[in-house]
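From a predicted model like this one, the values you see are computed outputs, not experimental measurements.
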Amino acid sequence: QLVKSGDKGSQDVDTLVEIGPRFCLNPVRILSGSFGGTTLWQNPDFVTPNRMRAMRKRGKQDVVRERRDQMKKRKKHQAKHFIGEDELDLVF
């Protein structure tokens with residue numbers, strides 16, 4: 001917002017006053033026309049929201065897959081080292 005100084009005796013000096021939150025724009029692509037045309041510049045570091053979501057989902061898949069593999073490994077270990085039922089369990 002442009003604000004003029006209130007002093008009558010001094011020169012009129014316009015100042016800028018911030019009115020609201022700041023925000024940054026992250027350009028993805030610059031085109032030769034207004035809304036189309038050839039691509040003049042493209043941001044190589046830009047990652048689409050869908051790709052970010054897929055990467056988070058893939059990370060969760062790895063955790064679940066690792067847990068499932070641990071459970072299978074544990075069941076094999078228990079089956080391999082099975083001692084049998086205790087005969088004294090029936091006594092009491």
Side-chain angles (χ1 to χ4, degrees):
Q1 180 176 358
L2 200 58
V3 178
K4 296 190 184 251
S5 81
D7 295 338
K8 298 276 183 183
S10 67
Q11 296 176 351
D12 288 336
V13 178
D14 295 340
T15 58
L16 289 174
V17 176
E18 185 176 334
I19 55 163
R22 297 180 193 174
F23 66 95
C24 298
L25 295 177
N26 185 11
V28 177
R29 183 179 293 181
I30 297 176
L31 304 172
S32 63
S34 297
F35 297 101
T38 60
T39 300
L40 301 176
W41 178 82
Q42 186 169 358
N43 186 353
D45 300 327
F46 178 73
V47 180
T48 63
N50 283 339
R51 181 164 291 171
M52 293 292 287
R53 206 172 10 257
M55 289 179 356
R56 279 195 309 268
K57 206 172 186 182
R58 199 169 298 124
K60 289 179 183 177
Q61 283 177 345
D62 293 341
V63 171
V64 171
R65 187 174 296 124
E66 185 177 323
R67 178 72 178 140
R68 188 176 53 220
D69 291 344
Q70 287 176 352
M71 289 172 60
K72 286 180 183 177
K73 189 176 179 182
R74 179 70 183 151
K75 284 187 180 184
K76 283 182 184 179
H77 177 77
Q78 286 176 340
K80 182 178 178 183
H81 296 92
F82 182 69
I83 296 174
E85 292 185 25
D86 190 10
E87 297 172 359
L88 298 178
D89 282 344
L90 301 176
V91 175
F92 299 105

Say you draw a straight line from CD of Glu87 to CD of Glu85; how long is it, rounded to the nearest 0.5 Å?
10.0 Å
Would His81 and His77 count as a side chain to side chain contact (heavy atoms under 4.5 Å, CB included) if you check the C-alpha gap in whole Å, the side-chain angles of each, and the deciding distance to 0.1 Å?
CA-CA 6 Å; His81 296 92; His77 177 77; 3.2 Å; yes
Side-chain contact test, heavy atoms from C-beta onward, threshold under 4.5 Å: evaluate it for Leu40 versus Leu31 and give yes or no.
no
My understanding is that a hydrophobic cluster links ILVMFWY residues whose side chain heavy atoms are under 4.5 Å apart, including indirect links. Using that, what else belongs to the cluster containing Ile83?
none
Within the distance-only criterion (no hydrogens, no angle test), does the side chain of Ser32 pair as donor or acceptor with the backbone N or O of Gly37 below 3.5 angstrom?
no
Grab the two heavy atoms, one from Val28 and one from Trp41, that are nearest each other, plus how far apart they are.
O-CZ3, 4.3 Å
Taken to the nearest 0.5 Å, the spacing of Leu88 CG from Asp86 CG works out to 5.0 Å
Out of Lys73, Arg65, Glu66, which residue meets the side chain to side chain contact (heavy atoms under 4.5 Å, CB included) rule with Asp69?
Arg65
Going through the distances and angles, do Arg68 and Met71 end up as a side chain to side chain contact (heavy atoms under 4.5 Å, CB included)?
CA-CA 5 Å; Arg68 188 176 53 220; Met71 289 172 60; 5.6 Å; no
